[in-house]
There are 2 protein chains.
Amino acid sequence: MNIGEASTHSGLPAKTIRYYEDIGLIKPLRDANGYRAFRQQDVHKLAFLSQARALGFSIEDCRNLLALYEDQSRSSADVKAIAREHLGQIETKIADLRDMQETLSHLIDACAGDHRPDCPILNSLGKPRIKP
Amino acid sequence: MNIGEASTHSGLPAKTIRYYEDIGLIKPLRDANGYRAFRQQDVHKLAFLSQARALGFSIEDCRNLLALYEDQSRSSADVKAIAREHLGQIETKIADLRDMQETLSHLIDACAGDHRPDCPILNSLGKPRIKP
DNA sequence: CCTTGACCTTCCATTTGCTGGAACCCCTAT
DNA sequence: ATAGGGGTTCCAGCAAATGGAAGGTCAAGG
């Protein structure tokens with residue numbers, strides 16, 4: 001299977017697949033003409049990567065998860081630990097974004113949004129808050 | 001005022017301040033010895049940038065906001081438009097993260113997390129979903 | 001006067017995860 | 001033979017800093 005087909009099957013752009021090979025996440029074979037030859041297992045791994053990246057796992061996380069994925073004797077606890085760590089990061093990020101969202105929407109509500117120059121958004125940004 | 005003091009007052013690392021000068025967000029004066037000399041207005045801008053970045057505005061957004069901040073005759077509508085656009089992006093990001101959070105926490109709940117190899121997390125990642 | 005240490009300077013490399021483009025090879029169909 | 005649609009490599013660059021090397025400056029203390 002050529003890279004184009006692998007791309008269709010995994011949902012990853014060809015460029016990204018080449019990049020993943022570059023950084024050693026996959027190791028497709030090569031045809032006589034130099035074209036990459038993807039086996040089923042390669043496509044499977046690519047789909048795995050696509051999923052894991054979509055869930056926000058970092059490349060390094062993916063590398064670890066792939067290793068566990070391939071290790072028949074891994075314990076599910078190892079995987080769960082990685083996933084939980086990542087879930088924690090996601091939750092932190094959500095909380096941060098929610099803070100931003102709240103502050104920003106208050107500011108937007110307070111701003112007339114007309115032709116006049118007075119703007120609570122800029123006023124507020126101009127006045128540095130006290131940091132704890 | 002030297003960069004160290006400007007850093008303390010604005011809450012930005014010195015490295016970041018130099019970087020902001022590099023990309024033209026601020027233009028501090030220079031002392032005879034080559035040290036950057038920050039005026040009150042520079043520190044003020046830095047604090048502004050610090051705030052805006054903390055709210056997740058991109059550097060380019062910051063550049064625009066700064067220009068508006070300095071323009072006495074801007075209309076608040078211009079600022080509001082940028083802020084609203086950004087708020088939309090934040091909300092999208094929150095929604096995305098929430099999807100991840102939900103999927104991931106379901107998977108984590110389903111995973112025994114013991115010494116056995118069977119792991120719903122890896123199983124699920126291995127099976128590519130149908131994309132719409 | 002000299003040294004020590006805290007500052008400051010510039011410049012270059014690295015990070016993360018790709019993405020774009022140039023220049024070139026390969027295969028099939030017309 | 002040539003046009004197209006694959007494929008290949010390598011090099012550059014994006015955001016937004018951060019880290020480190022190599023060196024200049026300044027004030028204080030011995």
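Chain letters run A, B, ... following the sequence lines, proteins first and then strands; every chain starts at 1.
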A.B. asks: Between D/dA16 atom P and B/R53 atom CZ, what is the distance in whole Å?
C.D. replies: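 So the CZ-P distance, B/R53 to D/dA16, works out to 5 Å.
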A.B. asks: Would you jot down, in residue-number order, the residues of residues 82-102 of chain B having a non-hydrogen atom under 4.0 Å from DNA chain C?
C.D. replies: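 Result for residues 82-102 of chain B: none.
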A.B. asks: Ignoring backbone atoms, establish whether B/T16 has a side-chain N or O less than 4.0 Å from OP1 or OP2 of D/dT18.
C.D. replies: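 Yes, within the criterion.
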A.B. asks: For a side chain to side chain contact (heavy atoms under 4.5 Å, CB included) check, start with the C-alpha distance between A/L49 and A/L65, then their side-chain angles and the critical distance, and finish with the verdict.
C.D. replies: CA-CA 9 Å; A/L49 287 168; A/L65 288 171; over 6 Å; no
A.B. asks: Hey, does the side chain of B/Y20 come within less than 4.0 Å of D/dA17's phosphate (OP1/OP2), counting only N and O?
C.D. replies: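 Indeed, a polar side-chain atom of B/Y20 lies that close.
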A.B. asks: Grab the OH-C1' distance between A/Y35 and D/dT8 for me, whole Å please.
C.D. replies: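 These atoms are roughly 8 Å apart.
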A.B. asks: Hey, does the side chain of A/N33 come within less than 4.0 Å of D/dG7's phosphate (OP1/OP2), counting only N and O?
C.D. replies: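 So the side-chain polar atoms of A/N33 never come under 4.0 Å of the phosphate oxygens OP1 or OP2 of D/dG7.
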A.B. asks: Does B/R30 pair with B/E21 as a salt bridge, N-O distance under 4.0 Å?
C.D. replies: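 Salt bridge flag = yes for B/E21 with B/R30.
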A.B. asks: I want to check one thing: is the phosphate of D/dG7, taken as OP1 and OP2, less than 4.0 Å away from some side-chain N or O of A/R36?
C.D. replies: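 No, because none of the side-chain N or O atoms of A/R36 sits under 4.0 Å from OP1 or OP2 of D/dG7.
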A.B. asks: Using whole Å, report how far CD1 of A/I3 lies from C1' of C/dC25.
C.D. replies: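 Going from CD1 in A/I3 over to C1' in C/dC25 covers 15 Å.
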A.B. asks: Do the charged groups of B/R116 and B/D114 touch, with an N to O distance under 4.0 Å?
C.D. replies: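 Yes, this pair counts.
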A.B. asks: Show your working on salt bridge (Lys or Arg N to Asp or Glu O under 4.0 Å) between A/D42 and A/R39 and close with a plain yes or no.
C.D. replies: CA-CA 5 Å; A/D42 296 318; A/R39 291 153 290 180; 3.0 Å; yes
A.B. asks: Can you confirm whether A/L122 sits close enough to B/F48 that some side-chain heavy atom of one is under 4.5 Å from a side-chain heavy atom of the other?
C.D. replies: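 Of all side-chain heavy-atom pairs linking B/F48 with A/L122, at least one is under 4.5 Å.
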A.B. asks: What's B/R18 touching, base or sugar-phosphate or nothing? Going by heavy atoms closer than 4.0 Å.
C.D. replies: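 Base, at least one base heavy atom under 4.0 Å.
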A.B. asks: Is any side-chain heavy atom of B/N64 less than 4.5 Å from a side-chain heavy atom of B/F57?
C.D. replies: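 Not in contact.
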A.B. asks: Is the phosphate of D/dT9, meaning OP1 or OP2, less than 4.0 Å from a side-chain N or O of A/R30?
C.D. replies: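 Yes, because at least one side-chain N or O of A/R30 sits under 4.0 Å from OP1 or OP2 of D/dT9.
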A.B. asks: For B/R63 and D/dC14, give me the distance from atom CZ to atom C1', rounded to whole Å.
C.D. replies: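 Answer to the nearest Å: 14 Å.
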A.B. asks: Round to a whole Å and report the spacing from CG of A/D22 to C1' of C/dC18.
C.D. replies: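 About 11 Å, once rounded to whole Å.
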A.B. asks: Write down the distance between CD1 (A/I23) and P (C/dT16), rounded to a whole number of angstrom.
C.D. replies: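 Value for this atom pair: 10 Å.
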A.B. asks: Separation of A/I59 atom CD1 from C/dT19 atom C1', in whole Å?
C.D. replies: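 Rounding to the nearest Å, CD1 of A/I59 and C1' of C/dT19 are 14 Å apart.
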A.B. asks: A/Y19 OH to C/dG20 P: how many Å, rounded?
C.D. replies: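 For the pair A/Y19 OH and C/dG20 P, the rounded distance is 15 Å.
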A.B. asks: Go nucleotide by nucleotide along DNA chain D from the 5' end; which of B/G56 and A/A14 gets its closest nucleotide reached first?
C.D. replies: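 This one resolves to A/A14.
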A.B. asks: So, do A/L66 and A/K45 sit near enough that their side-chain heavy atoms are less than 4.5 Å apart?
C.D. replies: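 Yes, close enough: below the 4.5 Å cut-off.
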A.B. asks: Could a donor-acceptor pair under 3.5 angstrom be found where the side chain of A/K15 meets the base of C/dG21?
C.D. replies: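 Side chain to base: pair found, below 3.5 Å.
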